[in-house]
Amino acid sequence: MGQWVYTFGDGKAEGDASQRDLLGGKGANLAEMSSLGLPVPPGMTITTEVCTYYYENGETYPPELEGEVDAALEQIAASTDRKFGDPDMPLLVSVRSGARISMPGMMDTVLNLGLNDTTVPALAKNADDERFAYDSYRRFIQMYGDVVLGVPMRLFDEHLESMKDEKDVELDTDLSAADWRTLIESYKALVQKETGSPFPQDPRDQLWGAIGAVFGSWRNDRAVTYRRLQGIPERWGTAVTVQAMVFGNMGETSATGVAFTRNPSNGENALYGEFLINAQGEDVVAGIRTPQDITEKARLEAGSEKQSMEKALPEAFAEFKAVCDKLEGHYRDVQDLEFTIERNKLWMLQTRTGKRTAKAALKIAVDMVDEGVISEAEAVQRIEPASLDQLLHPTIDPQAKTDLFAKALPASPGAAAGEIVFSSEEAERIAGLGRTCILCRIETSPEDISGMHAAAGIFTTRGGMTSHAAVVARGMGKPCVSGAGNVRINYANGTMIAGGRTLKVGDKITIDGATGEVLMGEVPMLNPELSGDFQRIMQWADGARRMRVRTNADTPHDARAAREFGAEGIGLCRTEHMFFDPARINAMREMILADDTEGRKAALDKLLPMQREDFTSIFEIMAGLPVTIRLLDPPLHEFIPHGEDEILEVAEALGVSPDKLRNRSRELSEFNPMLGHRGCRLAVSYPEIAEMQSRAIFEAAVAAAKKTGAPVEPEVMVPLVSLKTELDFVKKRIDATAKAVREETGVDFHYQVGTMVELPRAAINAKAIAESAEFFSFGTNDLTQTTFGISRDDAGVFLGAYLRESIIDIDPFVSIDVDGVGALVELAAERGRQTRPDIKLGICGEHGGDPASISFCESVDLDYVSCSPFRVPIARLAAAQAALRKKG
Ligand code: PEP
Ligand code: MG
């Protein structure tokens with residue numbers, strides 16, 4: 001086996017930034033910073049391969065690991081002149097997790113490891129600060145107790161709170177060394193009581209306990225949920241970084257902070273961050289004290305009274321500023337940094353590519369092109385396609401009358417309105433009922449991840465812009481307002497109070513994540529306008545992409561929205577959605593209830609003008625761009641009422657007996673609706689439906705061409721074909737209808753007939769089917785369910801377990817299963833082209849809006865992807881990135 005442990009420090013390192021997969025993001029970048037000669041406390045990274053080994057071998061370690069860890073510890077000891085457990089110069093370390101991509105707050109961290117009853121006096125002596133040493137020890141017992149020994153943090157907090165009550169102080173910083181000593185004794189007693197054993201005193205036991213806890217935390221519930229939501233595979237594993245401690249809590253010349261080299265919220269090219277004097281590690285992100293600004297400029301803008309780091313610690317600030325410039329220049333991208341200042345000496349603890357809002361990402365990419373740092377192609381590749389979704393969020397209508405409840409930090413952009421809920425469970429429940437809610441918390445923790453996902457927006461009363469709530473909300477693209485110190489939330493009463501007003505659970509509020517305002521009631525909103533930066537990136541993207549981007553649109557309204565987002569045609573118009581309109585469904589039902597062809601035709605005659613009108617406006621809106629209209633697809637029972645009340649109501653409206661309706665409903669019911677009497681099978685049973693729809697399409701094409709003066713060339717698409725003979729049967733009717741419409745109107749027009757490829761048989765027999773089909777559109781929703789033999793309606797029930805157990809990495813209905821469904825797509829494309837080299841190939845399943853699937857489509861040379869209107873910009877960008885990647 002290879003190497004399990006990599007060391008860094010003292011201006012050198014065994015790994016570098018390219019080894020994220022092995023060392024995790026944190027470990028790889030610490031190695032890189034160390035090699036760049038930046039001030040990094042020495043340490044070691046235990047690789048992600050150890051994590052994989054650990055889970056594959058019954059939670060045990062590779063036999064060589066212990067030796068490698070010992071050797072690395074020696075090296076750290078030598079470079080710091082300290083030793084593990086030494087009563088004079090004890091080495092203290094931090095133990096942190098670090099996956100390939102960052103999972104903020106998802107896994108566990110232990111600081112101050114190595115402290116025990118013997119080393120704590122040495123720390124006090126070396127630091128010449130007793131209070132600091134005992135504070136560090138009690139923090140260690142608390143963190144280690146929680147993370148490694150499983151003693152709930154709440155119990156430690158209770159002890160701490162009662163100590164503060166007893167001493168009648170408000171802040172932790174008001175407690176003395178003697179107070180901490182007393183608290184340490186009660187913490188130790190707590191550990192003994194909860195675990196049945198004393199708190200471990202041997203630093204080596206402490207270390208192995210912490211390493212085990214970090215590996216164990218890879219599979220804790222919140223990490224598992226986070227990975228599921230972010231599509232991160234289970235098998236990646238986490239690395240563990242063990243690093244010499246430096247202290248931000250050694251008095252007024254010490255501090256700890258986090259910063260971004262540019263503003264992650266709006267992209268402004270200005271150092272941006274927060275810090276706390278005399279604080280340790282997690283205090284800033286935990287949101288327990290509200291932090292101070294790093295630069296004087298930011299402080300003035302925020303109107304804060306608290307000193308900036310620039311003023312409070314000018315030398316450390318100057319060095320930090322230089323490090324920021326160096327790192328941004330080195331990585332050629334915005335960096336997100338963690339640092340500690342120990343008695344005026346700067347130490348870098350982390351750097352990584354800064355997460356940013358979509359708005360900031362666009363501005364930063366465009367600015368960096370203008371600054372000559374990156375090329376236009378790189379700028380296009382820098383934008384996460386899915387993040388564009390954030391730009392499509394609504395904002396508060398400036399004309400709206402608003403009533404301000406409170407104002408706090410604008411932590412994540414976009415506005416959202418909904419019912420107040422105070423817990424994640426409640427957020428999930430309300431969302432499950434189809435209602436929108438705002439999750440209101442004092443602060444959020446990683447346990448809240450599902451609730452944050454379910455809520456429309458997040459509001460917290462504690463914590464800064466880098467608090468858990470803010471970071472996670474920005475990642476999710478959810479509006480968030482944080483740190484509203486003047487609002488008091490009372491979970492027990494279900495209330496929140498500000499300025500003498502009380503809101504209760506269920507009351508409606510609106511939050512504006514761009515201004516930090518919390519408004520009473522549901523405030524009117526405006527749809528977003530896309531900025532100049534957006535237009536420039538999209539222009540570069542459009543220049544780089546090969547595939548066209550169409551939209552799935554069933555109504556003129558959707559078609560119009562999609563064109564505004566840059567759709568270049570319609571890839572799928574599902575005609576059945578037009579029939580579900582309440583004004584039309586009864587005509588559809590009459591057709592279904594008709595006893596014979598004549599009766600059906602009479603009902604279809606009523607539907608014809610409605611369909612024609614829809615198609616005419618769609619053709620007009622798409623002004624000569626290609627439009628694929630699919631003939632009726634779903635099983636007919638979907639249109640029939642099922643409940644008894646509804647049967648009576650519909651029977652009366654249609655003037656038929658309830659029995660007739662009941663009987664037809666029974667006849668049509670199927671156990672396997674998605675495999676049943678649907679798609680072209682309907683057209684085979686009832687050709688008159690296909691004839692009516694084709695007539696509506698052709699008449700609309702004639703009408704629209706007359707109105708706009710531009711020729712319309714409709715693409716008529718036959719769904720769920722598996723046999724060439726099925727397609728031929730329907731095509732014959734379509735062609736005959738076209739001929740009739742040409743004769744009746746005296747207008748000549750072009751059209752194409754093609755098919756969905758959404759059944760494995762169609763993919764395999766694509767060569768024959770292409771003899772009749774002028775285009776294929778891959779219906780990967782149905783193709784996924786029929787290839788796997790799972791139903792798209794209920795697969796969610798068990799796919800969760802498949803993801804959890806790493807049987808699959810990602811839901812195949814979300815991102816195309818390249819090896820199976822993708823192989824069929826590739827095969828069909830190849831075989832279709834053998835028969836008809838210029839056959840038009842596109843995709844219209846949900847995958848058409850998924851960046852990874854779009855990349856696959858590029859690899860098999862499809863001509864276009866088609867997706868819902870709001871995903872069109874995402875698809876344009878993803879298609880450009882795929883083309884650029886292919887070019888290399
Ligand atoms: C498909 O099956 O991928 C498709 C686009 O059709 P529908 O979702 O309407 O079945
Ligand atoms: Mg389908």
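Fair warning: this is a prediction, and the values are worked out from it, not measured in the lab. For the single chain, residues carry numbers from 1 onward in sequence order. Indexing begins at 1, ligand by ligand and atom by atom, following the structure's order.
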Are M538 and P873 packed together at the side-chain level, in the sense that at least one heavy-atom pair is separated by less than 4.5 angstrom? yes
Salt bridge between D861 and R546, side-chain N to carboxylate O under 4.0 Å? yes
Please list the nearest protein heavy atom to atom 9 (O) of ligand 1 with its residue and the distance rounded to 0.1 Å. R574 NE, 2.7 Å
Taking 4.0 angstrom as the limit and counting only heavy atoms of D782, give me the atoms of ligand 1 inside it, by number and element. 1 (C), 2 (O), 3 (O), 10 (O)
Side-chain ion pair, R678 and D782, N-O less than 4.0 Å: yes
Taking only heavy atoms of L572 into account, list the atoms of ligand 1 that are under 4.0 Å away from them. 5 (C)
Could you see which bit of N552 sits under 4.0 Å from ligand 1, with heavy atoms only: side chain, backbone, both or neither? neither
Between the side chains of K601 and E688, is the shortest nitrogen-to-carboxylate-oxygen separation below 4.0 Å, so that they form an ion pair? no
Mark yes or no: R584 above the aromatic ring of F579, with NZ or CZ under 6.0 Å from the six-membered ring centre and no more than 45 degrees from the axis. no
Looking at D782, the N/O/S atom that lies nearest to the Mg ion (ligand 2) is called OD2
On a heavy-atom basis, I'd like to know which of M756, E576, Q785, M717 is closest to atom 4 (C) of ligand 1. M756
Pull out every atom of ligand 1 sitting under 4.0 Å from any heavy atom of C844, numbered as shown with elements. 5 (C)
May I ask you to check whether E758 brings an N, O or S atom to under 2.8 Å from the Mg ion (ligand 2)? yes
NZ/NE/NH1/NH2 to OD/OE distance under 4.0 Å, R630 and E576: yes
Does some non-hydrogen atom of R678 fall short of 4.0 Å from ligand 1? yes
Geometric N/O contact G779 with ligand 1, under 3.5 angstrom: yes
Close approach, R630 and ligand 1, non-hydrogen under 4.0 angstrom: yes
Has ligand 1 got any nitrogen or oxygen that is less than 3.5 angstrom from a nitrogen or oxygen of N781? yes
Should E715 and K840 count as an ion pair when the cut-off is N to O under 4.0 Å? yes
Quick check: do V627 and I618 have side-chain heavy atoms less than 4.5 Å from each other? yes
State if E846 counts as touching ligand 1 under the rule of any non-hydrogen atom under 4.0 Å. no
Is it the case that T575 and Q693 place a side-chain donor and acceptor less than 3.5 Å from each other? yes
